[in-house]
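See structure below.
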Amino acid sequence: MTINKPRSRFAPSPTGEPHVGNMRTAIFTWLFCRHYGGEFILRIEDTDQARKQDGALESIINGLRWLGLDWDEGPETGGSHGPYFQSERLELYQNASNILIENNWAYKCYCTPEELTEMRQNQQKQKLPPQYDRRCRNADTSDKAAKNLPYVIRFKIPENIDTIVVDDLIRGRVEFQNTLLDDFVLLKSDGFPTYHLANVVDDHEMEISHVLRAEEWLSSTPKHLLLYKAFGYTPPAFAHLPMILGNDKSKLSKRHGATSILEYQTNGYLPDAMLNFLVLLGWSLDDKTEIFSLENLINVFTIERIGKSPSIFNTEKLNWMNSQYIKTSSDNYITSAITTILSDYCETNMIELETPITQDAITTVLDILKERIKTINPEEMWPVCNFFFETPEPNEQQRLLVKSKASLSSEIYEEAINTINSIDDFTEEKIEISLRKLLEKYECKPRDLFGTIRIAITGKEVSPPLFITFEILGKTRSIERMQRFTKYLSVAT
RNA sequence: GCCCCUAUCGUCUAGAGGCCCAGGACACAGCCCUUUCAAGGCUGAGAUCGCGGGUUCGAAUCCCGCUGGGGGCACCA
């Protein structure tokens with residue numbers, strides 16, 4: 001496919017949180033534009049007065065920015081084809097529908113919502129397809145016009161056309177029967193356009209060459225094609241993207257868990273991981289590559305490699321992807337992110353800290369943390385590294401566990417403290433060598449001694465490897481903790 | 001009800017007539033490493049390529065039918 005400098009758009013409506021499915025469309029469109037050296041346009045389709053939501057626009061913008069998607073034209077950036085809010089382009093749509101009326105491609109319809117509902121109910125009773133019966137199409141409506149009654153403008157589906165062919169970039173040739181098409185509404189009674197009118201007018205005005213949108217739009221594409229024809233415009237190329245479904249194969253919705261991209265942000269997913277995961281839903285490069293840098297993605301992303309069938313959003317794989325990005329992400333970036341997240345967490349939970357959470361402190365525990373987490377969610381991170389910040393206190397179960405260690409004696413434990421104390425070069429390697437010598441001398445099992453010390457200095461049976469933990473904690477704090485723990489050993493057994 | 005799209009391991013997918021009694025990844029199991037966890041490495045299980053017909057010397061790949069799944073049929077986008 002030879003594509004030269006395409007102009008493509010992402011056109012969300014500000015009716016709620018930015019859905020991951022929509023964001024995947026944005027990612028594909030953005031990648032497509034960047035790959036072919038084209039322009040990516042953000043257009044806000046705010047023509048539904050009723051469903052418009054405060055803050056939704058900000059959420060969409062935040063979501064896009066978080067993923068690292070920038071737009072060449074649109075809100076905040078401006079551009080030569082503005083305005084980029086449909087609510088500011090009303091005149092354009094009104095003119096367009098007037099032109100259509102003048103050229104006999106549209107007509108005014110005075111049917112009330114109640115009439116239409118009744119009509120549809122009757123059709124359903126008779127098992128007929130719900131469709132506008134065109135009662136205003138040929139009837140004389142001049143009396144209603146004279147009374148200034150509210151009206152909508154409907155498109156006049158031509159009667160001399162058989163089939164409409166959509167040449168989809170992903171699905172190929174798709175045929176539709178013209179007679180099955182409804183005389184759909186172009187302009188609502190409040191003077192706002194419907195999606196059908198607005199997207200055609202704007203895509204033309206904004207010189208959009210390629211439309212990438214979700215599959216749910218495929219069946220209304222013939223309507224759009226007819227509109228392009230009525231206006232005498234050349235339609236853009238269309239690519240209808242496969243949907244993203246939940247784990248029960250139904251359309252991804254709230255009951256499947258998080259659907260807003262921003263929820264993933266707050267749940268501890270990294271934007272690069274999220275993007276990488278999402279791009280692999282419906283697109284693949286080959287039979288093996290899973291991890292892509294953004295730069296590489298721009299290089300290799302083509303429409304030809306987009307699949308046709310819907311895919312299921314698999315959180316397990318997202319988690320794995322995220323853990324891969326955590327392991328390889330730059331220390332600077334992740335350290336400051338984690339520092340903020342954990343200090344907020346401790347503050348809101350009023351956790352009493354032995355050591356404050358600082359960049360330096362996080363840097364110290366970073367390596368052992370990165371290897372063990374799948375998200376940078378505080379709930380997941382805190383148990384892994386809290387030993388460094390909180391004073392450990394063994395629970396009842398742990399005290400009993402320590403006493404059950406058969407090959408452990410208070411002698412070896414005391415000598416372990418002295419040994420630790422005598423190490424000047426307090427490194428993982430030195431500590432290990434010294435402590436292992438004790439094992440031989442006292443014929444103590446590694447798990448008995450090390451397991452006990454682990455509880456003493458971390459307050460947990462499960463922790464990062466002991467010797468690195470010593471090193472991280474430092475000599476002073478390690479000895480302090482070991483000594484404080486002595487009492488749990490010396491109590492008579 | 002009508003129209004449209006779609007169909008390879010549980011999931012994401014590779015596969016465009018012989019390279020495939022189907023490859024990779026996630027998840028799963030076992031082993032190795034090992035002071036616990038994690039990471040990593042290795043091995044394994046897992047798909048008669050939804051089903052049935054064709055076409056062909058040969059089909060996961062092409063055609064038809066069926067079935068399953070998804071989407072659409074608003075003064076919502």
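Chain identifiers are assigned alphabetically (A, B, ...) following the order of the sequence lines, protein sequences preceding nucleic acid strands; residue numbering begins at 1 within each chain. Quantities reported herein were computed from a predicted structural model and do not represent experimental measurements. Worth knowing before you read on, the calculation uses all heavy atoms, side chains too, and leaves out hydrogens, waters and symmetry mates.
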- prompt: Could one point to a donor on the side chain of A/Ser189 or the base of B/C75 with an acceptor on the other under 3.5 Å away?
  reply: yes

- request: Have a look at A/Ser13 and say if it touches a base, only the backbone sugar-phosphate, or nothing, with a 4.0 Å heavy-atom cut-off.
  value: sugar-phosphate

query: Closer than 4.0 Å, any side-chain N/O of A/Arg436 to the OP1 or OP2 of B/U35?
result: yes

- line: To the nearest angstrom, the CD1-P distance between A/Ile453 and B/U36 comes to 14 Å

- prompt: Of all the choices, B/A25, B/G71, B/C75, which nucleotide is nearest to the side chain of A/Glu290 once you look at every atom?
  reply: B/A25

- line: Out of B/G24, B/A77, B/C3, minimum distance to the side chain of A/Lys288 belongs to B/G24

Phosphate OP1/OP2 of B/G40: any A/Gln324 side-chain N/O under 4.0 Å: yes

- prompt: Across all strands, who's sitting opposite B/A38 as a Watson-Crick or G-U wobble pair, both distances under 3.5 Å?
  reply: none

message: On the side chain of A/Arg454, is there an atom forming a donor-acceptor pair with the base of B/U35 - under 3.5 Å, no angle test?
response: yes

field: Interatomic distance at P, B/G41 relative to B/A59, whole Å
entry: 39 Å

message: By nearest atom, which of the nucleotides B/U35, B/G70, B/C12 is closest to the A/Leu281 side chain?
response: B/C12

field: Distance, P atom - from B/A22 to B/U61, rounded to whole angstrom
entry: 15 Å

- request: With C1' as the reference atom in both, quote the distance from B/U48 to B/C3 in angstrom, rounded to an integer.
  value: 35 Å

task: Just compare B/C75, B/U6, B/C3 and give me whichever is closest to any side-chain atom of A/Leu180.
output: B/C3

query: Across the strands shown, which category fits A/Leu466 at heavy-atom distances under 4.0 angstrom: base, sugar-phosphate, nothing?
result: base

field: Distance test, side-chain N/O of A/Ser219 to OP1/OP2 of B/G71, below 4.0 Å
entry: no

query: Quick one: do A/Asp248 and A/Arg255 make a salt bridge, cutoff under 4.0 Å?
result: yes

- prompt: Which of parallel (below 30°), tilted (30 to 60°) and perpendicular (above 60°) describes A/Phe389 and A/Trp382?
  reply: parallel

task: Could you tell me whether the phosphate oxygens of B/U13, OP1 or OP2, come under 4.0 Å of any side-chain nitrogen or oxygen in A/Ser311?
output: yes

statement: Testing B/C37, B/G70, B/G1 for proximity to the side chain of A/Pro130, the answer is B/G1

- line: Closest to the side chain of A/Phe176, out of B/C3, B/U6, B/A25, is B/C3

Lys/Arg N to Asp/Glu carboxylate O, A/Glu290 vs A/Lys317, below 4.0 Å: yes

task: Could you check which nucleotide pairs with B/G65 in any of the strands shown, counting Watson-Crick or G-U wobble with both distances under 3.5 Å?
output: B/C51

- prompt: Atom CG of A/Asp190 and atom P of B/A74: how far apart are they, to the nearest Å?
  reply: 18 Å

task: State whether A/Arg154 places a side-chain N or O below 4.0 Å from either non-bridging phosphate oxygen (OP1 or OP2) of B/C75.
output: yes

query: Rounded to whole angstroms, how far apart are CG on A/Leu318 and C1' on B/A27?
result: 14 Å

message: Below the 4.0 Å mark, does B/G10 have OP1 or OP2 next to a side-chain nitrogen or oxygen of A/Lys317?
response: no

statement: Of the listed B/U36, B/U6, B/A39, the closest approach to the A/Arg171 side chain comes from B/U6

task: Measure the spacing between CG of A/Leu197 and CD1 of A/Ile153 and express it to the nearest 0.5 Å.
output: 8.5 Å

query: For atom C1', what is the distance between B/G24 and B/C64, given to the nearest Å?
result: 33 Å

task: Output yes when at least one side-chain N/O atom of A/Arg305 is less than 4.0 Å from OP1 or OP2 of B/G15, else no.
output: yes

message: Below the 4.0 Å mark, does B/G72 have OP1 or OP2 next to a side-chain nitrogen or oxygen of A/Arg213?
response: no

message: At 4.0 Å (heavy atoms only), tell me whether A/Cys109 reaches a base, stays on the sugar-phosphate, or touches nothing.
response: nothing

task: Write down the distance between CD1 (A/Ile157) and P (B/C73), rounded to a whole number of angstrom.
output: 14 Å

- prompt: Can a donor-acceptor pair under 3.5 Å be found between the side-chain atoms of A/Arg372 and the base atoms of B/C37?
  reply: yes

message: Using a 4.0 Å heavy-atom cut-off, does A/Pro12 contact any base of the nucleic acid, only the sugar-phosphate backbone, or nothing at all?
response: nothing

field: Distance in angstrom units between A/Ile373 CD1 and B/C37 C1', rounded
entry: 14 Å

- prompt: At under 4.0 Å between heavy atoms, what does A/Val152 touch on the DNA or RNA strands: base, sugar-phosphate, or nothing?
  reply: base

- request: Determine, for A/Lys430 against A/Glu432, whether the closest basic-nitrogen to carboxylate-oxygen distance falls under 4.0 angstrom.
  value: no

- prompt: Looking only at side-chain N and O atoms, does A/Lys374 come under 4.0 Å of OP1 or OP2 in B/A39?
  reply: yes

- prompt: How far does the P atom of B/C66 sit from the matching atom of B/A29, given to the nearest Å?
  reply: 43 Å

message: Only pairs with both distances under 3.5 Å count, Watson-Crick or wobble alike; so what is the partner of B/A45 in this structure?
response: none

- request: Would you indicate what A/Pro242 reaches in the nucleic acid, counting non-hydrogen atoms under 4.0 angstrom: base, sugar-phosphate, or nothing?
  value: nothing

message: Is the terminal nitrogen or CZ of A/Arg24 (NZ for Lys, CZ for Arg) located under 6.0 angstrom from the six-membered ring centre of A/Phe28 and within 45° of that ring's axis?
response: yes

query: If you check the A/Lys308 side chain, which of B/C75, B/U6, B/U13 turns out closest?
result: B/U6

message: Just to be sure I understand the rule, does A/Glu175 reach a base, reach only the sugar-phosphate, or reach nothing, if contact means heavy atoms closer than 4.0 Å?
response: sugar-phosphate

query: Does a side-chain N-to-carboxylate-O contact under 4.0 Å join A/Arg173 and A/Glu175?
result: yes

field: Pairwise C1' distance, B/G69 and B/C28 [rounded to whole Å]
entry: 25 Å

task: Just compare B/U36, B/A74, B/A77 and give me whichever is closest to any side-chain atom of A/Tyr195.
output: B/A77

query: What distance, rounded to whole Å, do you find between the two C1' atoms, one in B/G17 and one in B/C49?
result: 15 Å

- prompt: When you check the gap from the basic side-chain N to the acidic O, do A/Asp202 and A/Arg9 get nearer than 4.0 Å?
  reply: no

query: Atom CG of A/Asp182 and atom P of B/A74: how far apart are they, to the nearest Å?
result: 6 Å

A/Thr47 vs B/A77: side-chain N/O to OP1/OP2 distance below 4.0 Å: yes

message: For A/Phe184, does the six-membered ring have the charged nitrogen or CZ of A/Arg154 within the cation-pi criterion, i.e. under 6.0 angstrom from the centroid and within 45° of the normal?
response: no

message: Output the rounded distance in Å from CD1 (A/Ile368) to P (B/A39).
response: 15 Å

- prompt: Given atom CZ of A/Phe470 and atom P of B/U35, what is their separation to the nearest angstrom?
  reply: 15 Å

- request: May I ask you to say what A/Glu316 touches in the nucleic acid, namely base, sugar-phosphate or nothing, with a heavy-atom cut-off under 4.0 Å?
  value: sugar-phosphate

- prompt: Do the charged groups of A/Asp48 and A/Arg51 touch, with an N to O distance under 4.0 Å?
  reply: yes

task: Could you let me know what B/C73 is paired to, Watson-Crick or G-U wobble, both distances under 3.5 Å, or none if it's on its own?
output: B/G1

Pairing nucleotide - B/A22, Watson-Crick or G-U, each distance under 3.5 Å: none

message: Please confirm whether the shortest side-chain N or O distance from A/Lys188 to OP1 or OP2 of B/A77 is below 4.0 Å.
response: yes

field: Integer angstrom distance from the C1' of B/G52 to that of B/U67
entry: 10 Å

- line: A/Asp287 has its side chain closest, among B/C37, B/A14, B/U6, to B/A14

